[in-house]
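To start, the structure itself, in structure tokens.
Hydrogens, waters and symmetry mates are skipped; everything else that's a heavy atom, side chains included, is used.
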Amino acid sequence: MCARFESGGVVHKPGDQIRATSASGPLLLPWAGFARSEILGWWRRQGGELLDVAAERFAERAEDDGSLIWDDVPPGLVIRALRDPRGRLPLLKVVTRPATPAELARFRHPRMPLLEPPMFPGPTFCLRGGP
């Protein structure tokens, strides 16, 4: 589900304030959970807005032993997130998708963050040692 991610050299976890980019510009929202990609239509009908979250890498927490397993976010992709406007304050939810069989074997977790090309202009980060 994306237990952690690193952005600009800072590791973030649920509960942290997260910088994201929306159609209207940059936002700072508390990370408060996840949104399944399979029901994005429902989220959109609730007023949810898709967001870009720039990150260099992410970690999943293995279900069997609780270890964090890290991987790089491929260059040119962002973590897809959603602005959930339903509460007293808007919240950021990381969009997840089902893990492939290979991902399930490696990460030992059934959900993965949705990584996609950015939808909006905003900050981007290079992998360490990259151009």
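Of the inter-residue distances, the one linking Arg106 atom CZ with Ile69 atom CD1 reads 7.5 Å to the nearest 0.5 angstrom. A distance of 11.0 Å separates CG of Asp84 from CG of Leu89, quoted to the nearest 0.5 Å. Rounding to the nearest 0.5 Å places CG of Leu114 at 7.5 Å from CG of Leu40. In this structure, the separation between CG on Leu82 and OG on Ser37 is 11.5 Å, given to the nearest 0.5 Å. The structure places CZ of Arg83 at 12.0 Å from CH2 of Trp43, a figure rounded to the nearest 0.5 Å. Rounding to the nearest 0.5 angstrom, the gap separating the CD1 atom in Ile79 from the OG atom in Ser7 is 8.0 Å.
Remark: side-chain polar atoms of Glu60 are paired, donor with acceptor, to backbone N or O of Cys2 under 3.5 angstrom. The closest donor-acceptor contact from the side chain of Asp65 to the backbone of Ser67 lies under 3.5 Å.
The shortest non-hydrogen separation linking Ala32 to Lys93 is O-NZ, 2.9 Å. In this structure, Glu56 and Gly9 approach most closely via the heavy-atom pair OE1-N, 3.5 Å. Taking each heavy atom of Trp70 and Val11 in turn, the nearest pair found is CH2-CG1, 3.9 Å. In terms of heavy-atom proximity, Glu49 sits nearest to Ser22 at OE2-CB, 3.2 Å. The minimum heavy-atom distance linking Pro85 with Gly47 is given by the pair CG-O, 3.3 Å.
Residues Arg4 and Arg61 meet the side-chain proximity criterion, which asks for heavy atoms closer than 4.5 Å. In this structure, the side chains of Leu68 and Phe107 stay at 4.5 Å or more apart for every pair of heavy atoms. With contacts defined as side-chain heavy-atom distances shorter than 4.5 Å, the pair Arg44/Leu50 qualifies. Inter-residue side-chain proximity for Thr21 and Pro118 is flagged as unmet; no heavy-atom pair is nearer than 4.5 Å. The shortest distance between side-chain heavy atoms of Val78 and Val53 does not fall below 4.5 Å. No side-chain heavy atom of Pro98 sits under 4.5 Å from any side-chain heavy atom of Met112. Between Phe34 and Val95 the shortest side-chain heavy-atom distance does not fall below 4.5 Å. Looking at heavy atoms from C-beta onward, Leu29 lies in side-chain contact with Leu51 at the 4.5 angstrom threshold.
The environment of Arg111 atom CZ is dense: over 12 non-hydrogen atoms of other residues, nucleotides or ligands sit within 6.0 angstrom. Annotation for Arg36: atom CZ does not count as buried by contact number, only 12 or fewer foreign heavy atoms lying within 6.0 Å.
A salt bridge does not link Glu6 with Lys13: every distance from a Lys NZ or Arg NE/NH1/NH2 to an Asp or Glu carboxylate oxygen is 4.0 Å or more. Checked for salt-bridge contact, Arg108 and Glu103 miss the test: no charged N lies under 4.0 Å from a carboxylate O. Remark: Asp52 engages Arg80 in a salt bridge, criterion side-chain N to carboxylate O under 4.0 Å.
Using a 4.5 Å cut-off between side-chain heavy atoms of Ile, Leu, Val, Met, Phe, Trp and Tyr, with links allowed through other members, Leu91 and Leu27 fall into different hydrophobic clusters.
Between Trp31 and Phe5, the distance from one ring center to the other falls under 6.0 angstrom.
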I would like to know whether Phe58 and Leu115 meet side chain to side chain contact (heavy atoms under 4.5 Å, CB included); could you show each step before the answer?
-> CA-CA 10 Å; Phe58 69 92; Leu115 306 177; 3.9 Å; yes
